[in-house]
Amino acid sequence: MRLAAILLISGPAHLPYAVVSLRSLRRHWEHPIEVYAWPESFPIVQRIAEDENLGITAFEREPSYRGKNAQFLDKILLMQTIQADAALYLDADTLVRGRVHPLLAGALTTGFVATQFNDWAIGKGVIHNRIARLRQFPEIPQDVVEAVLANPKLCSVNGGVFACRPSSPVLPQWYKWANIAKSIFIADETVLHVLQIGMADEITIAGGGSWNCSPKHKPSGLADNDVRIWHGHGDCFTRPNKCKRGTEMWMKVFSEVVDNNIGGIRDWPSLYSGNKYLEQLLKDGVLCRNKA
């Protein structure tokens, strides 16, 4: 049986996140790691792949579409092509703190495992309003949209961490509806909420927040030691004014990466690789012994 972990890198600004994520993942994952990169990021991903301690394989990938939600759409297409019995997808802005194998076990059983973002539910606020925007797309079954909106206790899922069989029927349906709705904010994640009901028999939800936990919004009842995957959404890992805790936990690993030249990071054109928030942190002297 072949299991794999997958990252997809679009722009170079995500590369510092990616190498930190890979460093953390490899500590808990003995199976193959494949990193796919758009042409603008591929040279550095190739350099990362030269680090035998990370043990990744790099692939160059040209997206079929470039525009709003392009990376989100491309990841859904990509996951249908992976040569594995089951695969774990991770956004670059993640920190893995424990074994992630239960997500793969779930994918082998039901075909697709989505992760709840913290302990959030759809509710009647921001998430509910995002889903309501799908009412403007008649090609998406509106009875399913309304059924989701009528159930505020449904889990709020996040597309940054999921596991699947590449053959899962969820993937082509997810892509179809997300492509229809690609004009709206985070179309993939919005559509994934609807798939909970639209394809209920094909999806399992890994709930409770431990598989997709925000350092800013961590559930009060969830201990840090029980978090398997931290997700630094919205640059929480490099914006101390937004999330000081997230920045501190991420910079600790980033410092280790720099000190040990993980992924050949000190050979990159810069440590921040176009990430404006990390650039500012470095200018502020967070890594004063190393110059970007």
Side-chain angles (χ1 to χ4, degrees), residues 3 5-7 17 21 24-25 27-29 31 72 75 79 86-128 130-131 147-165 168 170 174 186 188-234 236-237 242-243 245-246 248-250 253:
L3 305 177
I6 309 298
L7 275 72
Y17 295 146
S21 180
S24 68
L25 173 62
R27 287 172 168 166
H28 304 282
W29 180 257
H31 301 285
F72 301 146
K75 75 181 179 189
M79 295 302 288
L88 172 69
Y89 172 83
L90 292 171
D91 271 355
D93 56 352
T94 50
L95 275 174
V96 179
R97 293 300 199 192
R99 287 177 63 81
V100 295
H101 299 67
L103 295 178
L104 281 297
L108 289 168
T109 301
T110 62
F112 190 96
V113 177
T115 57
Q116 184 180 18
F117 188 61
N118 302 307
D119 57 353
W120 290 13
I122 289 173
K124 291 294 183 181
V126 173
I127 305 301
H128 182 277
R130 288 178 181 171
I131 297 167
V148 172
L149 291 171
N151 192 341
K153 293 185 179 180
L154 275 178
C155 291
S156 178
V157 290
N158 176 274
V161 180
F162 64 89
C164 63
R165 286 185 176 271
S168 168
V170 170
W174 187 14
I186 50 174
D188 68 310
E189 185 174 302
T190 303
V191 164
L192 189 56
H193 285 85
V194 176
L195 288 167
Q196 284 186 82
I197 287 182
M199 301 193 75
D201 294 339
E202 308 286 348
I203 294 179
T204 299
I205 308 297
S210 62
W211 303 106
N212 197 329
C213 189
S214 161
K216 181 177 175 65
H217 302 292
K218 183 179 77 71
S220 59
L222 179 64
D224 283 4
N225 288 340
D226 292 330
V227 174
R228 301 289 186 92
I229 302 174
W230 292 100
H231 189 179
H233 60 102
C236 276
F237 286 152
K242 180 176 183 178
C243 185
R245 185 167 183 262
E248 289 174 348
M249 71 166 65
W250 187 85
V253 184

Are [X] and [Y] side-chain neighbours, meaning at least one heavy-atom pair lies under 4.5 Å?
X: Val113; Y: Cys164; value: no
X: Val148; Y: Ile131; value: yes
X: Val191; Y: Trp174; value: yes
X: Arg165; Y: Phe112; value: no

[X] (side chain) donor-acceptor with [Y] (main chain) under 3.5 angstrom:
X: Ser24; Y: Leu95; answer: no
X: Arg228; Y: Arg99; answer: yes
X: Thr110; Y: Gly106; answer: yes
X: His193; Y: Val157; answer: yes
X: Lys153; Y: Gly123; answer: no
X: Arg97; Y: Ile229; answer: no
X: Asn158; Y: Gly160; answer: yes
X: Gln116; Y: Ala206; answer: no
X: Thr190; Y: Ile186; answer: yes

If you measure from [atom1] on [X] to [atom2] on [Y], what distance do you get to the nearest 0.5 Å?
X: Leu108; Y: Leu3; atom1: CG; atom2: CG; result: 6.0 Å
X: Phe117; Y: Ile127; atom1: CZ; atom2: CD1; result: 8.0 Å
X: Leu88; Y: Trp211; atom1: CG; atom2: CH2; result: 9.5 Å
X: Asn118; Y: Ser156; atom1: CG; atom2: OG; result: 9.0 Å

Could you pull out the closest heavy-atom pair between [X] and [Y], with the gap in Å?
X: Gln196; Y: Ile203; result: N-CD1, 4.3 Å
X: Val170; Y: Glu202; result: CG2-CB, 3.6 Å
X: Leu222; Y: Cys213; result: CD2-SG, 3.9 Å
X: Gly232; Y: Pro215; result: CA-CD, 4.4 Å
X: Trp29; Y: Val100; result: CE3-CG2, 3.7 Å
X: Ser21; Y: Thr94; result: OG-OG1, 2.9 Å

Answer yes if the side chains of Asn212 and His231 hold a donor-acceptor pair under 3.5 Å, and no otherwise.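 Result is yes, a qualifying pair exists.
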
Which label fits Phe237 and Trp250: parallel for a plane angle under 30°, tilted from 30 to 60°, or perpendicular past 60°? parallel

Is the ring pair Phe162/Tyr89 parallel, tilted or perpendicular, if the boundaries are 30 and 60 degrees?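 Taking Tyr89 first and then Phe162, their aromatic rings lie parallel (interplane angle under 30°).
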
In plain terms, say whether Lys218 and Asp226 are close enough for a salt bridge, that is, a side-chain N and a carboxylate O under 4.0 Å apart.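 No, Lys218 and Asp226 are not salt-bridged.
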
If the threshold is 4.0 Å, N to carboxylate O, is there a salt bridge linking Lys75 and Asp188?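 Looking at Lys75 and Asp188, the cut-off is met.
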
Report yes if the distance between the aromatic ring centroids of His101 and His28 is under 6.0 Å, otherwise no.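 When the ring centroids of His101 and His28 are compared, they turn out to be at least 6.0 Å apart.
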
